Structure formats: C-alpha cells, structure tokens
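Shown next, in structure tokens, is the structure this report addresses.
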Amino acid sequence: MEIITLKTNAQTEMIDITDRVQEALDRQGPRDGICMVYVPHTTAGVTINENADPTVRDDILMVLNQMVPSKAPYRHLEGNSPAHVKASLMGASQMVAVAQGRLVLGTWQGIFFCEFDGPRTRKIHVTIA
Ligand code: ZN
C-alpha cells in the first residue's frame, strides 16, 4: 500500500489526484489488477468524474451545498455535520482497473479527493490487488 499526503487549501474543494495515484502505481511496476483509492477520513471523500472541464466539479460542489444545508438542527457537537454528510454521499473509496500498471479510466474521467472540512493535511491510501 502507498500513502499519498495531500494538503488541501479550502474548506470545500475537489482536487484532481489522478496523476498522484498513477505515480503511486508507477512505483509498483507494470501490474494488472484493481487499484483501490481509500480515504481514511470522516469529513472527506473520493469520487470519479470529469476532469476536462473544471466547472463540472464546481457544479458538483454547488449541488452538494444545496443538498446539505450549512444550518440545520444538527446534533453533532463538533459543528461539522455537513462535512460528515457530504463525505458519506461521495464515499470513502473508489476502485479502478489497472492494466500493465496504468489506471484504466475513461477519456474524461479523473479521480478527485473531496475536501469538506479543510484546509487540512489528508492521507489517501492506494492499494493494488
Ligand atoms: Zn465531526
């Protein structure tokens, strides 16, 4: 398993980590298998979506903000319940096929780390099986 360390810059943002994940795979040599990208955090997630047009990620974050109100009768005392809810909506892991050491992604696809309670220093686990 490889661990990527990522410094996020904003309270909420989607960061394209496709190249960082591929670099982690490059260190493993040309293998076939499955790559699991796992985020060991409760207020961040990981998703796969378009990385060609950056307005797509803006729109995803806009809709998440509409779906999950910042003010609500949340019970969690830490005050970051919207971040927990958004993290669960995105999920903590993604799996991508690997062929000869390369991520098998669609032309327009990228892997995005989703920060919902930043800025923070985050970890991303990359495992090939
Ligand atoms: Zn919390």
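This one's a predicted model, so the numbers in the text were calculated from it and none came from an experiment. Just the heavy atoms: all of them, side chains too, but no hydrogens, waters or symmetry mates, feed the values below. Just follow the structure's listing: the first ligand is 1, and inside any ligand the first atom is 1.
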(request) Grab the two heavy atoms, one from A52 and one from W108, that are nearest each other, plus how far apart they are. (result) CB-CE3, 3.4 Å
(request) Look only at the side chain of Q94 and the backbone of C35, and say whether a donor-acceptor pair between them is shorter than 3.5 Å. (result) no
(message) Looking at F112, is its backbone amide N or carbonyl O close enough to the side chain of D16 to form a donor-acceptor pair, meaning the two atoms are under 3.5 Å apart?
(response) no
(request) Using only N, O or S atoms, tell me which atom of H84 is closest to the Zn ion (ligand 1). (result) NE2
(message) Nearest N/O/S atom of E78 with respect to the Zn ion (ligand 1), by atom name, please.
(response) OE1
(request) Mind reading off the angle at the Zn ion (ligand 1) between the NE2 atom of H76 and the OD1 atom of N80, rounded to 10°? (result) 90°
(request) For the pair E115 (side chain) and D117 (backbone), establish whether a donor and an acceptor sit closer than 3.5 Å, ignoring hydrogens and angles. (result) yes
